[in-house]
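What follows is a short report on a single structure.
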Amino acid sequence: MGSHASTNNANNATTLQPRRSIRRFDIFAEYNRLKGLDKGMDEPHAKGYGLWVAKVVASGGRRAGSHRTEPPGPEAREDGERHEDARKASTEQEWHELGGEPQTDALFEREIVQRMGTDFYVQVFAPAIAQAVGQGRSYESIRDTLRKAWTPAHS
């Protein structure tokens with residue numbers, strides 16, 4: 001697994017493969033981690049926020065113990081009702097909870113990063129999502145196109 005760590009980024013897209021299938025959920029969590037950073041969150045809280053938003057949206061926006069302190073912004077109306085609850089979240093430096101469980105950076109690491117493999121996340125996945133976000137691309141425009149090339153390594 002670590003043997004790929006010394007390859008350069010240009011080759012990583014073809015040499016590194018995720019340990020498991022990349023889900024829309026993974027892309028959405030990372031996309032929202034970056035949005036959290038843009039809103040001024042520190043890295044640990046941005047990871048927790050990204051995971052929390054992905055889970056809220058995946059659950060259909062049900063209130064699972066989450067706290068909301070801000071009204072939805074214009075982006076909530078543009079993204080549709082299904083994303084509205086996630087957009088209402090406070091961006092303060094606190095952990096959002098679902099079902100009484102804080103959505104932390106450690107949980108992001110376990111549920112997102114370790115699932116696909118740390119090398120793949122650091123060298124391929126995160127840079128690709130960051131590049132797409134930097135280009136102003138929406139989650140909907142990248143959720144399937146990026147995943148196509150990322151097939152799991154089979155032993």
Intermediate values then yes/no, side-chain contact (heavy atoms from CB on, under 4.5 Å), Ile142 and Arg147:
CA-CA 8 Å; Ile142 65 172; Arg147 293 182 326 130; over 6 Å; no

For the residue pair His96 and Tyr49, does the interplanar ring angle fall in the parallel (under 30°), tilted (30 to 60°) or perpendicular (over 60°) class?
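Because their plane-to-plane angle lies in the 30° to 60° range, the rings of His96 and Tyr49 count as tilted.
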
Thinking salt bridges, do Arg24 and Glu140 make one under a 4.0 Å N-O criterion?
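No salt bridge links Arg24 with Glu140.
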
Do you know which two heavy atoms are closest between [X] and [Y], and how far apart they sit?
{"X": "Gly36", "Y": "Ala46", "result": "C-CB, 4.2 Å"}
{"X": "Arg33", "Y": "Glu30", "result": "NH2-OE2, 2.7 Å"}
{"X": "Pro18", "Y": "Ile22", "result": "CB-CD1, 3.7 Å"}
{"X": "Thr151", "Y": "Gln17", "result": "O-CB, 3.5 Å"}
{"X": "Trp95", "Y": "Gln103", "result": "CE3-O, 3.3 Å"}
{"X": "Phe125", "Y": "Met116", "result": "CG-SD, 3.6 Å"}

Heavy atoms, side chains only, cut-off 4.5 Å: are Lys47 and Glu43 in contact?
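In short, these two side chains touch, coming nearer than 4.5 Å.
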
Does any non-hydrogen side-chain atom of Leu107 lie less than 4.5 Å from one of Thr104?
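Side chain of Thr104 against side chain of Leu107, heavy atoms only: contact under 4.5 Å found.
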
Would you kindly say whether Gln114 and Tyr121 are connected by a side-chain donor-acceptor distance under 3.5 Å?
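Looking only at side-chain atoms, Tyr121 and Gln114 do not form any donor-acceptor pair under 3.5 Å.
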
Given Phe25 and Ile112, is the side-chain contact (heavy atoms from CB on, under 4.5 Å) satisfied, shown in steps?
CA-CA 9 Å; Phe25 179 88; Ile112 305 293; 3.7 Å; yes

Euclidean distance, [Y] [atom2] relative to [X] [atom1], rounded to 0.5 Å:
{"X": "Tyr139", "Y": "Phe28", "atom1": "OH", "atom2": "CZ", "answer": "6.5 Å"}
{"X": "Asn32", "Y": "Lys55", "atom1": "CG", "atom2": "NZ", "answer": "13.5 Å"}
{"X": "Ile129", "Y": "Leu146", "atom1": "CD1", "atom2": "CG", "answer": "5.0 Å"}

Would you say the rings of Phe120 and Trp150 are close, in the sense that their centroids are separated by under 6.0 Å?
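For Trp150 and Phe120, the ring centres are under 6.0 Å apart.
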
List in chain and number order the residues that pass side chain to side chain contact (heavy atoms under 4.5 Å, CB included) with Arg115, two or more places apart in sequence or in another chain; answer none if no residue qualifies.
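Arg115: side chain to side chain contact (heavy atoms under 4.5 Å, CB included) contacts with Arg20, Arg23, Asp26.
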
